[in-house]
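One structure is given below, represented as C-alpha cells, and several questions about it will come after.
Nothing fancy with the numbering, it's 1 onward along the sequence.
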Amino acid sequence: MNSMLTRRLMDAFHEAAGVPALMPPLPSGMTSQYVHVIDAIAQIGEKKGSVRLP
C-alpha cells in the first residue's frame, strides 16, 4: 500500500468516527445491541427469504 492510499484510508476512518454523532438517539429502552440483532435478522431474511425465531 502506498502512502497516498494509506492517507485516504486514514481520512476515511476519521470521517467515519464522526458518523455516530449525526445519528438520531435510539428510542427509550433500545440499545445498540438490539439494533445489531435486528440487522442480523434482516440480513438472514434477505438471504433465505424468511426467518423464524424460536
As an exercise, state the distance from CD1 of I38 to CE of M30, rounded to the nearest 0.5 Å.
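Taking CD1 in I38 and CE in M30, the distance rounds to 3.5 Å.
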
Pairwise distance CD(E46) to CD1(I41) - rounded to 0.5 angstrom
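Separation between the atoms: 12.5 Å.
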
L26/T31 under side chain to side chain contact (heavy atoms under 4.5 Å, CB included): CA gap, chis, key distance, verdict
CA-CA 7 Å; L26 292 173; T31 66; 5.5 Å; no

Could you walk me through whether L5 and M10 pass the side chain to side chain contact (heavy atoms under 4.5 Å, CB included) test, one step at a time?
CA-CA 9 Å; L5 284 176; M10 296 304 290; over 6 Å; no

From R7 CZ over to N2 CG, what is the distance, rounded to the nearest 0.5 angstrom?
13.5 Å

